[in-house]
Amino acid sequence: MRLIRKNTVLHCLLITCLISVFLNLSPATVFAGGGENGAKNVILFIGDGMGWAQVVVARNFVHGAGGELNMERLEHSGYVSTFSLQSLITDSAAAATAMATGHKTVNGVIGQSVHGEEYKTILEIARDMGKSTGLVTTTEVTHATPAAFAAHEDSRERSGAIAEDYLRGSRPDVIMGGGLQVWTAVPLIEARDMGYKAVFTKEELERLDTANTDKLLGLFDTGRMSFAMDRRMDEPSLIDMSLKALGILSKN
């Protein structure tokens, strides 16, 4: 039941605007104006720690052995190898780096090689093309999985440095999740100076006017956010955060 519970909440949701790493296409081909060969928008969902074993368990739990989950009904599917350079058993940092950059690294390293060479992420490529980008997660916003799409650090534990990478490097337009304790000093002040609107409760998020918001920082727990069945009344759901994010990102 713990696996079902964790992955039903989609422990990590990353909203990005490029998927050329997975399609083996150039960024220009992926974003060909939404035409026959191009995608206008791309949303990447990551159920952290979710492999096919968890998918099968979820399918059996919801529909029985003969059923299908919605994601299994999609027209196309693919695989990405996430084992790290040092181990067949990967961690979130190395696995997400493989997804975000197309390069393998060692466990614990974010968005770069073991020697410190920074790998450009699909979020950064989208940003450089003028696309809006965002990260939405139900764990800390500086957790290894979202961080690998927008930061470059030699350790996943360097939460403060990851937050600085977001603001001074990749600059996602939307950042939402938990991990307020990392932002309570300099990063939060810096984010506001850069034009981010900061919200901390479900009510503040609901009142937010996306039409007049271009940059959003939402921090809804000191650590990771709650599982769905344990969610506090003042804590937004993954759906709440995602809809607000889409309301901002869909403008570009």
Side-chain angles (χ1 to χ4, degrees), residues 1-17 19 41-51 54-55 57-59 61-63 69-74 92 95-96 99-100 122-123 126 132-151 159 162-163 166 172-183 196-210 213 215-251:
M1 282 299 295
R2 181 170 178 78
L3 289 174
I4 292 291
R5 182 184 183 192
K6 180 175 181 179
N7 289 297
T8 300
V9 180
L10 283 177
H11 185 60
C12 281
L13 162 66
L14 299 177
I15 299 182
T16 69
C17 290
I19 200 165
N41 306 294
V42 173
I43 303 172
L44 173 61
F45 293 83
I46 298 181
D48 201 358
M50 184 172 64
Q54 286 78 21
V55 173
V57 170
R59 180 203 306 145
F61 179 78
V62 177
H63 299 296
L69 299 173
N70 285 334
M71 67 181 186
E72 296 179 286
R73 299 189 181 103
L74 297 175
S92 295
M99 295 184 207
I122 57 176
L123 184 145
S132 295
T133 63
L135 301 171
V136 179
T137 178
T138 55
T139 186
E140 298 92 340
V141 294
T142 55
H143 183 273
T145 304
F149 287 78
S159 300
I162 290 170
Y166 288 175
D173 298 285
V174 173
I175 306 169
M176 278 195 282
L180 174 61
Q181 79 278 3
V182 176
W183 298 77
Y196 283 88
K197 289 186 179 179
V199 295
F200 305 100
T201 66
K202 178 179 180 179
E203 183 179 4
E204 289 177 345
L205 184 65
E206 289 175 343
R207 291 202 309 261
L208 185 77
D209 181 6
T210 56
T213 303
K215 291 183 175 295
L216 174 63
L217 175 63
L219 299 167
F220 304 106
D221 203 302
T222 55
R224 68 164 179 82
M225 295 178 66
S226 305
F227 290 117
M229 64 179 64
D230 302 323
R231 190 166 53 245
R232 305 186 316 270
M233 294 296 293
D234 65 340
E235 188 178 76
S237 68
L238 181 59
I239 293 174
D240 296 332
M241 294 188 293
S242 299
L243 290 176
K244 284 293 184 180
L246 292 173
I248 296 171
L249 298 177
S250 63
K251 292 184 290 184

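As the structure is a prediction and not an experimental result, all values here were calculated from the model.
- Annotation: side chain to side chain donor-acceptor pair (under 3.5 Å) contacts of Lys202 (sequence neighbours excluded): none.
- Looking at Phe220 and Leu180, their side chains never come closer than 4.5 Å, going by heavy atoms from C-beta outward.
- Every residue two or more places apart in sequence or in another chain was checked for a side chain to side chain donor-acceptor pair (under 3.5 Å) with Ser250, and none qualifies.
- When the side chain to side chain donor-acceptor pair (under 3.5 Å) test is applied to Thr210, no partner is found at least two apart in sequence or on another chain.
- Taking both residues in full, the closest heavy atoms of Leu205 and Lys244 are given as O-CE, 2.9 Å, listed atom of the first, atom of the second, then distance.
- In this structure, Leu243 places its CG atom where more than 12 heavy-atom neighbours from other residues, nucleotides or ligands lie under 6.0 Å away.
- The heavy-atom pair separating Leu135 from Ala150 by the smallest distance is CD1-CB, 3.8 Å.
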For this session: List the steps and the verdict of side-chain contact (heavy atoms from CB on, under 4.5 Å) for Thr137 and His143.
Result: CA-CA 9 Å; Thr137 178; His143 183 273; 5.6 Å; no
Problem set entry | Step-by-step side-chain contact (heavy atoms from CB on, under 4.5 Å) determination, Ile122 to Val42 | CA-CA 11 Å; Ile122 57 176; Val42 173; over 6 Å; no
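- Interatomic distance, Ser242 OG to Leu249 CG, rounded to the nearest 0.5 Å: 10.5 Å.
- Here the CE atom belonging to Met225 is positioned 12.5 Å from the CG atom belonging to Asp230, to the nearest 0.5 angstrom.
- Side chain of Tyr166 to backbone of Val141: a donor-acceptor contact under 3.5 angstrom is found.
- Considering only residues two or more places apart in sequence or on other chains, Glu72 meets the side chain to side chain donor-acceptor pair (under 3.5 Å) condition with Arg59.
- The two residues Ala96 and Ala148 make their nearest non-hydrogen contact at CB-CB, 3.4 Å.
- Gly179 and Glu140 make their closest contact through CA-CG, 3.7 Å (heavy atoms, listed as atom of the first residue, atom of the second, distance).
- Taking 4.5 Å as the limit, every side-chain heavy atom of Val182 sits out of range of all side-chain heavy atoms of Ile162.
- Summarising the geometry of Ala163 relative to Thr142, their closest heavy-atom pair is N-CG2, 3.9 Å, with the distance given to 0.1 Å.
- Applying the salt bridge (Lys or Arg N to Asp or Glu O under 4.0 Å) definition to pairs two or more places apart or across chains, those involving residues 232-243 are Asp221-Arg232, Arg232-Asp234, Arg232-Glu235.
- Residues passing the side chain to side chain contact (heavy atoms under 4.5 Å, CB included) test with Asn70, sequence neighbours excluded: Arg73.
- Closest heavy-atom contact between Met241 and Thr138: CE-CG2, 4.2 Å.
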